[in-house]
Each structure stands twice: as structure tokens, then as C-alpha cells.
2 protein chains.
Amino acid sequence: MDNLSAKGISWYYDRLNRHCCRLTKPRRAILDILEDTGEHLSAEQIHRQVSKISTNAGLSTVYRNLELLVRIGLVWKFDAGDKKARYEIAKRTDENHHHHLICKKCNTIIDYSASVDNEKDFIKMREKNLSRKYNFKIENHCIDFFGLCYKCRKS
Amino acid sequence: MDNLSAKGISWYYDRLNRHCCRLTKPRRAILDILEDTGEHLSAEQIHRQVSKISTNAGLSTVYRNLELLVRIGLVWKFDAGDKKARYEIAKRTDENHHHHLICKKCNTIIDYSASVDNEKDFIKMREKNLSRKYNFKIENHCIDFFGLCYKCRKS
DNA sequence: CTTGTTAATGAGAATTATTCTCATTAAAAA
DNA sequence: TTTTTAATGAGAATAATTCTCATTAACAAG
């Protein structure tokens, strides 16, 4: 029940293949979880979930794979101020590319779409100019706003 | 030689005072160092420098103060991908407010001024719209671009 | 200036996210 | 099926940060 043909070959298969990475069970579990939730999970949350849907994988395997997946661009890693990293799936399509509003107090993370107010155009222009000016190959970016969410404003 | 009158009462005195924080020796040393270098230092770098110019302060004192200073808005904290936090002085004036280009490989950090290409205007507009839409009090933001610097592109 | 109150300190122990080690396992090629 | 070698899992090791607690020093009040 846990083989490729059951779900069909996933979108990430090619990318893994191109990087000579095997499609292992924990690796698939991590990607599937991140894809399904669409949330920003910590390594430990991912580890817990993986242990549910797949044979229980070691925490170090989860870390190792997250590092790999970030490196080959399938996953985004970012930091919400508390000291554990968060990970989310990185289908960088215009529809679901987004940035974050992060509450300093309760650490809630609100996603907002990057495709309003010309944000996309602005970023593209900015990347182009910065690349040229500093001779820097920009691969991705992180735009986060920090402050107080609705609930925390009142307390 | 290490008293207030020697350097004059510093710009941060008021802010500390308003928060009922004493103007202690290590606290001043940290602020002075961050102000002088204008760099993004890690807690440990700051600790080393503090130990030079002031009586040697404990590392925990440095951490405690950095946390405080971030909380009352005198210092900015951010994360450059390796896992130690960086700190920089937070005089949020238009002239020196800036964002970062961070090299994934060698961790070099390039500052670029936020006051070109209408970046300031764009951010301001964005903050206003997001605040309203999500009822979120935005206090600051973090805009970083990640990629490869000039040197690392070639290797 | 002296004294009393209490925030702040310093040294090191404790914590915790992440990385490393290494013997074992299982993808994928032959 | 066999072979090769990337990947795994368990736990030890690392390192940044936080905590503890007895001691010190800001600074307000007399």
C-alpha cells in the first residue's frame, strides 16, 4: 500500500532523480506531509507525523532529509523568532507563493499571498537590480513582518 | 573614565529609563559596541568585544541584555541561516535602515540601503494594507535575499 | 554622602535544536 | 537475484541559548 504505483509517481520524483537522490520511504513521507498540510512545521512536528504514516523514521533522518530537500529546492526553511526552524513545501508557483505575518507574542504565523499590490512585480524588479549591483545570484527571499496579532494586541 | 559624563549621556539613556532599566556597565558596553561597528554581530562576538572595553562581562549577561534591548526596540535581531542570531543597532532612521543579501555558502552579509527604488514607499504601503486586512499591529519587518555572492558563484 | 532596596550580574549548570557517527538496511542498477 | 552504495536509525556529541542563585552595584531616598 505504500508503493509508488498506489499514489502515482509524485511531482517531486523528477527533481529527486535529477539530483541522484533515492525515493526512500521517509523522504516521501516528509514531502507528502508537507504537501498535505501546507503548514509550516518544525522538524519535530514532521517527525511525529512521519512516524504515524510511515514506519517510524529517526529524527536524524528527518533532519538530514529536510536539509537535502531545502538544498534541492523542494522545501523552504525559515525562522519565526523562536529558535526552531520551520519548513514548508516549496512549489514556487505564483498562486501559492506567500509571505508571513508573525506574532512576536504567541508566535502565530499568518500567511498572506504575495500576489497582490504588485508585490510580485516589486520583488522581481528589486531582485534584478540587486543582482546587477552586487553581482549576487539571488535564489530566494524571505519577507516577514513582525508584530502583534489581533488577539495579542488586546492583552 | 567609564562614567556617563565622560561621553555625555547617550541617546539610548532615555529609552532605558522609560523602561525602568538601569544603565549598567555591560549594557552600555553592548550598545556602544553595536553602535560603533554598525555590523551584525553574534552574541559571542559581542561578548568578546565587551570583555575588551569593559570589565569582562558574563556571556549570560550579554544574552540577557540583548534580549532586553531587542524587546525595548534598541537592537534588531535577525537570523542569517547559520544557527546563531545576529544583532545590530536599531536606530530606525531612514538613512541607515537597510536590508540584507545573504550568501548561502559563505554566510557573507551584504547590506543594501532600503531607500532606493521606492522600497520604503512600497513597504509602508504594504504594512498599511496588511495591518488593516489582518488587524495586525506591524512593528518591524525583515527582508532578506538569499543566494550566492560574487566569490561563491565561481566555485 | 550614606544607606537600603532591588535590578542586574557572573559563573557555570541545564536545556534543546541540530549534527555527527557508525553499523545496518534497502533503493536502484546490473 | 545479486551487487553497489546511498540512506537509515539509535543514540552520542555539539553548540547556542537559557536558567539558577548567591553576590554586586544602580540609584532613589533620607
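Convention: sequence-line order gives letters A, B, ...; per-chain numbering from 1. Atoms considered below: every heavy atom in the structure, side chains included; atoms not considered: hydrogens, waters and symmetry mates. All of these numbers come straight from a predicted model, not from anything done at the bench.
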Query raised in the report: Ignoring hydrogens and angles, are the base of D/dA6 and the side chain of A/Arg22 linked by a donor-acceptor pair under 3.5 Å?
Result: yes
Requested in this report: Calculate the interatomic distance between B/Lys25 atom NZ and D/dC27 atom P; express it in whole Å.
Outcome: 12 Å
**Report entry** Interatomic spacing from CZ in B/Arg126 to NE2 in A/His99 - rounded to 0.5 Å
**Finding:** 9.0 Å
Report summary line: When rounded to whole Å, the CZ to P distance for the pair A/Arg86 and C/dT18 reads 10 Å
Query raised in the report: Between C/dA28, D/dA10, C/dT18, which nucleotide gets closest to the side-chain atoms of A/Asn56?
Result: D/dA10
Query - Value in whole Å for how far the C1' atom of D/dA7 lies from CG of A/Leu69 - result: 13 Å
Query raised in the report: Which word best sums up how the rings of A/His100 and A/Phe78 line up, parallel for under 30°, tilted for 30 to 60°, or perpendicular for over 60°?
Result: parallel
Report task. Rounded off to whole Å, could you give me the CG-to-P distance for the A/Leu23 and D/dT8 pair? Result -> 11 Å
Report summary line: From CG of B/Leu41 across to C1' of D/dT17 the rounded distance in Å is 17 Å
Query raised in the report: Once you round it to whole Å, what is the distance between C1' of C/dT18 and CG of A/Asn65?
Result: 15 Å
Report task. Give a yes/no on whether any side-chain N or O of B/Tyr63 is located under 4.0 angstrom from OP1 or OP2 of D/dT18. Result -> no
Report task. Consider only side-chain N and O atoms of B/Asn56 and B/His47, and report whether a donor and an acceptor are under 3.5 Å apart. Result -> no
Report task. Under 4.0 Å between any heavy atoms, over every strand shown, what does B/Thr61 touch: base, sugar-phosphate, or nothing? Just pick one. Result -> base
Query raised in the report: Do you see a donor-acceptor pair shorter than 3.5 Å between the side chains of A/Tyr134 and A/Asn129?
Result: no
Requested in this report: Could you check whether the rings of A/Phe122 and B/Phe122 sit parallel, tilted or perpendicular, using 30° and 60° as the cut-offs?
Outcome: parallel
Query raised in the report: Which part of the nucleic acid, if any, lies within contact of A/Arg27, taking any heavy atom under 4.0 Å across all strands shown: a base, the sugar-phosphate backbone alone, or nothing?
Result: sugar-phosphate
Query raised in the report: Under 4.0 Å between a side-chain N or O of A/Lys83 and OP1 or OP2 of D/dT17?
Result: no
Requested in this report: Calculate the interatomic distance between B/Leu68 atom CG and C/dA8 atom C1'; express it in whole Å.
Outcome: 10 Å
Query - Under 4.0 angstrom between B/Thr24 side-chain N/O and C/dA7 OP1 or OP2 - result: no
Query raised in the report: What about A/Ser60: does its side chain form a donor-acceptor pair under 3.5 Å with the base of D/dA10?
Result: yes
Report summary line: note: B/Leu59, atom CG; C/dA13, atom P; distance rounded to Å ~ 14 Å
Query raised in the report: From the list C/dT9, C/dC22, C/dA8, which nucleotide is the closest neighbour of the side chain of A/Arg64?
Result: C/dC22
